Each structure stands twice: as structure tokens, then as C-alpha cells.
Amino acid sequence: MRVVLATNNAGKLRELQALLAPLAFEVLPKSQFTQEEVAETGTSFVENALIKARHAARAAKLPAIADDSGIEVDALYGAPGIYSARYASAQASDADNLHKLLAELANTADALRTARYRCALVYVRTADDAAPLICEATWEGQIARASRGTGGFGYDPIFWLPERRLTAAELSADDKNRISHRAQALQQLLALLRGQSPGTHSQAGY
Ligand code: IMP
């Protein structure tokens, strides 16, 4: 079955193609059907993922998968959250966002620097699907005082994993892809999709 992925991120596309191939899903990029970007006007990760999935499904006339993710910092009452990609400004780079977060937490004690990444991953059979599959996962950590490591992207150089005594940017790509918020949400979605036949949603608890 063909499914469209509502992102133009080559890394996410490759990862999902590999994971969904054994389930006989052929994952196609949204760019194959439209160049149009949709405004992420939702107030939660799930809402924004649904907006992107419905937009891609409408353009491709195919089932669609979309994710939305970000970092929540407890000392900032959950900010930057859904605004993670545009925390410093609308056109901010990863470095701009990371430096703004370090500056905001300059006077925050180590014990109060707890944070988590959150990922919402959704699947819709059609643009108007009233029973989308919705998966959400988190990855707990703390905000370090300075950048360490060169792997990953975004806030990874300051996302400190206390049990490993490493930042997310110091993990290998394989290790990150085993434990990250996105990897965990994807495993949940795969479990739901394994229970799917093309016309139905047979979800546990339904
Ligand atoms: P999007 O869901 O692709 O729009 O990503 C949202 C933003 O959240 C990214 O631009 C990053 O700033 C941040 N983010 C989400 N996941 C990660 C991650 O795994 N590492 C670092 N930053 C992340």
C-alpha cells in the first residue's frame, strides 16, 4: 500500500521507508504531490501533526503519516513546546534556538533543568479520516549548561541524559534512533499498522 509522508526531511523519509517496507507500505514524499506548505495553527503536537497529515492526504489522495515534535522545559512551563523550531524567531537556526534556551535558563539551578522531547505521530487513511491513528511519546532529559557533541540536530547538544552522562548529540545515530521520542512513537504506530487491513482501523480498545 502506498502512503505519503508529510515532510520533506530526507532523513525522516529514509527512516520511515526502511521501517514500513516489511509491512508492504511504500512511503512517498509529500514533495512528489505538492510543494505547498500548510500553516501549523494547532495548539498541540497532535493537532499540528493532524493538520500536516490531512493536508498531505488531500494533495496525494493517499493515506498519510505526519509527525510533529519539540522540547518542553519544566522551568519554562513547557516552552518552547510546539514553537521549538521557531523559538528564537520565525527564521531561527538550530543554533539560535539553542542559545536562546541556554540564555533563558542561565539562572536556573541544575535540579530544576528537567525537560523532555515529545513527538506526535499520526496516520490518516483519507484527508477527512474521523478515526486517525495517534501515537505520542516522550524522551526525558535535562538542559545542560553548554553544548556537547556533534550528532543529531536541534537541541541535541544541550539535551543531557543523566543516566548515560552524555548529551543526545553524543549518542550514535543508531542509539538515538532506538530510544528517541520519535523512535518510540514510530514503534507504537508500527504496532497499530500491523493490526490494520486497508479499509479498517482495528485498534486495541476500539
Ligand atoms: P518538527 O516537528 O520537524 O517541526 O521539529 C520541531 C523542532 O523541535 C525541531 O526543529 C527541533 O528544534 C526540535 N526537535 C524535535 N525533535 C528533536 C530531536 O530529536 N533533537 C533535537 N531537536 C528536536
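Everything numeric here is computed off the predicted structure, so don't read it as measured data. We number each residue from 1, following the sequence as shown.
By the rule that hydrophobic residues join a cluster once side-chain heavy atoms approach within less than 4.5 Å of another member, V4 and L193 end up as members of separate clusters.
Other members of the hydrophobic cluster containing L101, listed by chain and number, are I71, V73, L76, Y87, L98, L102, L105, Y117, W139, I143, Y155, I158, F159, L161, L166, L171, I179; membership follows side-chain contacts under 4.5 Å among ILVMFWY residues, whether direct or relayed. Grouping Ile, Leu, Val, Met, Phe, Trp and Tyr residues whose side-chain heavy atoms lie under 4.5 Å apart, directly or via other members, places V38 in a hydrophobic cluster with I51. Counting Ile, Leu, Val, Met, Phe, Trp and Tyr side chains that sit under 4.5 Å apart, directly or through other members, L112 stands alone, with no cluster partners.
Counting heavy atoms from C-beta outward, I65 and V122 have side chains that stay 4.5 Å or more apart. Between E170 and K176, the closest side-chain pair of non-hydrogen atoms is not below 4.5 Å. L190 has its side chain within reach of L23: a pair of non-hydrogen atoms, C-beta onward, lies under 4.5 Å apart. Looking at V3 and E26, their side chains never come closer than 4.5 Å, going by heavy atoms from C-beta outward.
With sequence neighbours excluded, no residue forms a salt bridge (Lys or Arg N to Asp or Glu O under 4.0 Å) with E47. N9 pairs by the side chain to side chain contact (heavy atoms under 4.5 Å, CB included) definition with T7, K12, not counting sequence neighbours. Not counting sequence neighbours, the partners of E136 by the salt bridge (Lys or Arg N to Asp or Glu O under 4.0 Å) test are R118. Shown here are the side chain to side chain donor-acceptor pair (under 3.5 Å) partners of E36, two or more places apart in sequence or in another chain: H55. Residues passing the side chain to side chain donor-acceptor pair (under 3.5 Å) test with R164: none are found, sequence neighbours excluded. Among residues two or more places apart in sequence or in another chain, the salt bridge (Lys or Arg N to Asp or Glu O under 4.0 Å) test is passed with R182 by D67. Scanning for salt bridge (Lys or Arg N to Asp or Glu O under 4.0 Å) contacts around R54 gives an empty result, with sequence neighbours left out.
Within the structure, every pair that satisfies the salt bridge (Lys or Arg N to Asp or Glu O under 4.0 Å) test and touches residues 88-112, not counting sequence neighbours, is listed here: D110-R145. Among pairs with a residue in residues 7-44, none fulfils ring-ring contact (aromatic ring centres under 6.0 Å, His included), at least two apart in sequence or across chains.
Shortest non-hydrogen contact noted between K52 and A6 is O-CB, 3.4 Å. Residues F45 and G81 come closest through the heavy atom pair CZ-C, 3.5 Å. Nearest heavy atoms, Q17 versus V27: NE2-O, 2.9 Å. Across all non-hydrogen atoms, the minimal contact from A130 to P132 is C-CD, 3.3 Å. Contact record, A57 with V124: CB-CG2, 3.9 Å, taken as the closest heavy-atom pair. Taking all atoms of both residues into account, the shortest heavy-atom contact from A49 to A66 is O-CB, 3.3 Å.
Looking only at distances, a side-chain donor or acceptor of R113 sits under 3.5 Å from a matching main-chain atom of T108. Put simply, the side chain of S180 never gets that close to the backbone of N177: no donor and acceptor are under 3.5 Å apart. The main-chain N or O of C135 is never found under 3.5 Å from a side-chain atom of Q188 such that the two would form a donor-acceptor pair. Although no hydrogens or angles enter the test, the distance criterion places no donor-acceptor pair under 3.5 Å between the side chain of D156 and the main chain of A168. Judged by distance alone, the side chain of N97 and the main-chain N or O of A88 form a donor-acceptor pair under 3.5 Å.
To the nearest 0.5 Å, the span separating OG1 on T114 from CG on D74 amounts to 3.5 Å. In this structure, the separation between CG on L50 and CG on D129 is 9.0 Å, given to the nearest 0.5 Å.
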**Prompt:** Given the rule in the side-chain contact (heavy atoms from CB on, under 4.5 Å) test, do L121 and L186 qualify, once you have shown the distances and angles that lead to the verdict?
**Reply:** CA-CA 7 Å; L121 195 63; L186 188 58; 3.6 Å; yes
**Message:** side-chain contact (heavy atoms from CB on, under 4.5 Å), that's the test. Do T138 and H181 meet it? Break it down for me.
**Reply:** CA-CA 5 Å; T138 56; H181 50 317; 5.7 Å; no
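For CZ of R86, the number of neighbouring non-hydrogen atoms (other residues, nucleotides, ligands) closer than 6.0 Å is greater than 12.
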